[in-house]
Amino acid sequence: MLRATNSSIRRVWQLLFNFKKNDGLPLLFLLLIFLPLANQVFQFVQPYPLDEKRRLAEKPVFDSRHPFAYAQSYEDYYNDHFTFRTRLVYWNSLLTYKVFRASARDNVVIGKKDWLFLGNVNPYTDEIDYYRNLRPFTMDELQYWRVLLEQRRNWLKRRGIHYIFTIAPNKSTIYPEFMPKAVVKIASRSRQDQLIDYLKKNSTLTVLDLRPALLAAKKDKLVYHKTDSHWNDLGGYVAYSEIIKNLGRYYGVVQPRPFDRYQITKTGPVSGDLSSLLSLPDIFWENQWQLESKTPLQARVLPADYPEQRNRFVTISVHTCASGALPAALMVHDSFAHQMKQFLSEDFSKIVYVWDWSLGFYEKIIKKENIKIVIDEMVEYSLLARFPSNPRKLRR
Amino acid sequence: MIFSTLVFLFLFLPPVLLASFLFKKEAQNVFLLLASLFFYAWGEGALVLVLLASALLNHLFGLAIHAGRSPGRRKTALVAALVFNLGLLATFKYAAFFAANLNPLLRAIGCPLLKIGRWPLPLGISFFTFMAIAYLVEVYNRSSPVEKNFLHTALFITFFPTVLAGPINRYSKLKRQMTERQTTPELLAAGIRRFIIGLGKKALLADTLAKSADQIFAIPVSGLTAGLSWLGVVCYTLQIYLDFSGYSDMAIGLGQMFGFQFMENFNYPYLSRSIKDFWSRWHISLSTWLRDFLFLPLAYAISRRIPGDRLLGIKAESWCYYPAMFLTMVLCGLWHGPAWAFVLWGGYHGAFLMLERHALARPLKRLWPPLQHAYSLLVVSCGWVLFRAADLGQAAGFWRAMFGFGRGRGGNPAFYLDKKLLFFLALGVLAATPLAARAGCRCQKFIAAADAAWRAWLAAAFRVFSTLALLAILVASSMALAMATFNPFIYFRF
């Protein structure tokens, strides 16, 4: 037994340590491929902190009744927890950026002066395809949008509720000058242009177009983040002002809160959502502009409990403000509304925010909260693939 | 389990490789068989039983063919074995395809329709079935001795380096290696070198080019321009070669690490000067299998039915060659997948092979060699469109665009052809030609011819450099594999 063990060890020694014949390659290869297993046990290298904003796979428990299912679950777990994973991911992104000035991931595009833009995240989120005007609306699709919005407007109007539909412009719409040179437009008109023109000709409904105000504001200050897909507080303020100005036509008493009521502060280095998607938060960062009210904010957040909230894609919050001049409002929105909330909440006696990417229609909330204004907000690139639908009641 | 995954590279391979060195031959065979079954079961689950059943029954068929006392009995045993193996392939891979194509006919003549559920496809079934068939026919022809040890037959059929994607080895070449192979430091280093190069081809080059090819093939054909479609085809042409030859390199390298010498599968196919030449360089283990076990028997069977040298004024040789070649290539296409696109792809290559034997034979010979390469590359690339396109409509749209008849507005190729893609295309071209290998040989010749005082230093520097370059490829490939598992979301909720 001992002799057999000795001969095995001698064999391994000869295979691995005969550097004249093998250039040391087998030993180095084995060391490298054993390294992750060794680190899993001894933890001599700590993982690089990368936030994937998702729940990583959990270690599966072996179930003798389903032995083969364990393999796939374990592989998912291993892929998520592989010991050098985050470091390798970081190096890959860094090397791709340093060598090619390119993004290692399809969902982020590196523009001029290191501006980051959303790439192809999923069929609903593809700012590049949108920017290139690769897929214009068909007439059927335009008609679908007209009918959808008119049904909402008409249903609300019959109940004395004012309706606003607004589109948050893509970052590439406001800052096309920072898009990569190779990303060129195939056609001149975007889906938003098409929709606005179509509604002008075929409907009494109008889309609140935020682009002119944002394009004018960007001459003074940055209105979008450089490393994030969203607008910043200043962009949020501009959008808020446009919404309030629009409401001012119907509720004469109200004006946007003046800009000088806010203090502009520059925060320390912060990396945006696009830097995280690229896994290079330490390379792509920026000093951000923040707006802070000079006087204490009046709006308060109330606990909200709606059945809709049990749906993991919907988040609901209710803000009230005793000094708010405008009646109760409902805002169905996407992530772009977050930078508007601190301004909007101060102007409404009550405002219910429903974060819902699919832009659902919330009749129960409208009735329960005695809503008088409904604002639907969605980001421009969502026009590419998202087609919200109305409840059957509205379609009659 | 696939070679180019983190689990294989860092969880399966290290202990299996190290432990295999500790065992002597027969014990190592047992260990490798168990490791192979674990490897297959990891990805395919209960389908490992199909693989085991195939190994066991083919072992028994081999014994039965060998033991047959009369030619009739031997033939009966071979036919039974072929029915079993082809039946296995037909059941798991082609049943749904045949049913889908037969049902309209059955409906038309009022017969009950074939109802076939979705069978899970055991990965690599086309490879291990063809290896088994080759073994059985060779035993029947007495060109290979029968294997009486089930452990060896089972290891031959289930061995993890080859079970998923070949090479389709011949048992006659491996039988001695089962008992007499020797893992030497040189062979181990050569195997590791080959494995790392294969991994680099797959994880770094093929997967990067695949992204661009996928993006371009995702554009509706109405949006394609000539430049875009050519870029897509070039990316895919390199991708499919680097992907498959990379996998073969990994398989051959793994074999060498355990002391086995598998057959070569690729010999720079894009340097071919004709389609005939291409098929002697592309997927060699399959093309030689088809030649030995399909084309030659078919041609022989036809020739036996033709009396004399000519029939209807046509040479008997032509009567044998053309139908046998065309049918072989059509079946070759079908082997790649149960879809008409693959059948057409096979027929397309078959048609060019026939043309090259007849109408194109002389003009092709007279052509300037670079134009011969260009002709072959053009035919092969256009053929890959059939292979890659989702359907025939897309393939036709692609061809139209490639030859300037597309009126698309899908954009400028510069959008896709950034610095990164250019770099990987250049590396892909380098990997598809023997340039790098020749440069290595030149270096070694230069070192050999250098002044004696410098020779040892230069040789050592060259060895250190090549070892470090290989390790860099391994680390870069690991980075690419890790990147494929990185799936961040913009918002936590989704």
Where on B:Glu44 is there a heavy atom nearer than 4.5 Å to chain A: the side chain, the backbone, both, or neither? neither
Is any side-chain heavy atom of A:Leu30 closer than 4.5 Å to a side-chain heavy atom of B:Phe21? yes
Restricting to non-hydrogen atoms, name the atom on B:Leu22 and the atom on A:Arg11 that form the minimum distance, rounded to 0.1 Å. O-NH2, 2.8 Å
So A:Leu25 and B:Leu471, do their side chains get closer than 4.5 Å, heavy atoms only? yes
Got a second to check how far B:Ile192's CD1 is from A:Leu28's CG, nearest 0.5 Å? 9.5 Å
Please state whether the side chain, the backbone, both or neither of B:Phe38 comes within less than 4.5 Å of a heavy atom of chain A. neither
Hey, does B:Pro220 have a side-chain heavy atom less than 4.5 Å from the side chain of A:Arg135? no
Below 4.5 Å, heavy atoms only, C-beta onward: do A:Asn22 and B:Leu188 meet side chain to side chain? no
Once you round to the nearest 0.5 Å, how far does CZ of B:Phe423 lie from OG1 of A:Thr96? 10.5 Å
Tell me, side chain or backbone of A:Leu35 under 4.5 Å from chain B's heavy atoms, or both, or neither? neither
What orientation do A:Tyr74 and B:Trp42 show, parallel under 30°, tilted 30 to 60°, or perpendicular over 60°? perpendicular
At a 4.5 Å cut-off on heavy atoms, which part of A:Thr86 comes close to chain B: side chain, backbone, both, or neither? neither
OG1 of B:Thr184 to CG of A:Asn18: how many Å apart, nearest 0.5 Å? 9.5 Å
Give the minimum heavy-atom separation between B:Pro14 and A:Ile33, together with the two atoms involved. CG-O, 3.3 Å
Does the structure place the NZ or CZ of A:Arg132 under 6.0 Å from the centre of the six-membered ring of B:Phe415, at an angle of no more than 45° from the ring's axis? yes
Measure distances from B:Leu6 to the heavy atoms of chain A and classify the residue's part below 4.5 Å as side chain, backbone, both or neither. both
Tell me, do A:Phe34 and B:Leu18 make a side-chain contact under 4.5 Å, heavy atoms counted? yes
By a 4.5 Å heavy-atom criterion (distance strictly below it), what part of A:Ala69 contacts chain B: side chain, backbone, both, or neither? neither
Answer key: most heavy-atom pairs under 4.5 Å with chain A among B:Met257, B:Lys419, B:Met1 is B:Lys419
Checking B:Lys24 against chain A: side chain, backbone, both or neither under 4.5 Å from a heavy atom? both
Heavy atoms only, distances under 4.5 angstrom: which of B:Ser466, B:Ala484, B:Gly45, B:Ala476 has the most pairs with chain A? Name it, please. B:Gly45
Answer yes or no: does atom CZ of A:Phe42 have more than 12 heavy-atom neighbours from other residues, nucleotides or ligands under 6.0 Å? no
Given a strict heavy-atom distance threshold of 4.5 Å, which part of A:Gln14 is in contact with chain B: side chain, backbone, both, or neither? backbone
Classify the ring geometry between B:Phe195 and A:Phe29 as parallel (under 30°), tilted (30 to 60°) or perpendicular (over 60°). perpendicular
Quick one: are B:Lys420 and A:Ser103 in side-chain contact, heavy atoms under 4.5 Å? no
Side chain, backbone, both or neither: which part of B:Leu422 has a non-hydrogen atom closer than 4.5 Å to chain A? neither
Is it the backbone or the side chain of A:Pro36 that comes under 4.5 Å from a heavy atom of chain B, or both, or neither? side chain
If every non-hydrogen atom of B:Phe486 is compared with every non-hydrogen atom of A:Ser276, which pair is closest and at what distance? CZ-O, 4.1 Å
Which atom of A:Lys21 lies closest to which atom of B:Arg463, heavy atoms considered: N-NH2, 4.3 Å
Note: A:Asp80 and B:Thr485 closest approach over all heavy atoms is OD1-O, 4.3 Å
For A:Leu88 versus B:Ala482, what's the shortest heavy-atom pair and its separation? CB-CB, 3.7 Å
Could you tell me which portion of A:Leu15 (side chain, backbone, both or neither) has an atom closer than 4.5 angstrom to a non-hydrogen atom of chain B? both
Please classify the contact of A:Asp106 with chain B as side chain, backbone, both or neither, using a heavy-atom distance under 4.5 Å. side chain
Quick one: what part of A:Phe19 sits under 4.5 Å from any heavy atom of chain B, side chain, backbone, both or neither? backbone
Could you grab the distance from atom CG of A:Asn92 to atom CG of B:Leu204, nearest 0.5 Å is fine? 8.5 Å
Heavy atoms only, distances under 4.5 angstrom: which of B:Ala46, B:Ser478, B:Ala41, B:Pro15 has the most pairs with chain A? Name it, please. B:Ala46
As an exercise, state the distance from CG of B:Asp418 to CZ of A:Phe100, rounded to the nearest 0.5 Å. 8.5 Å
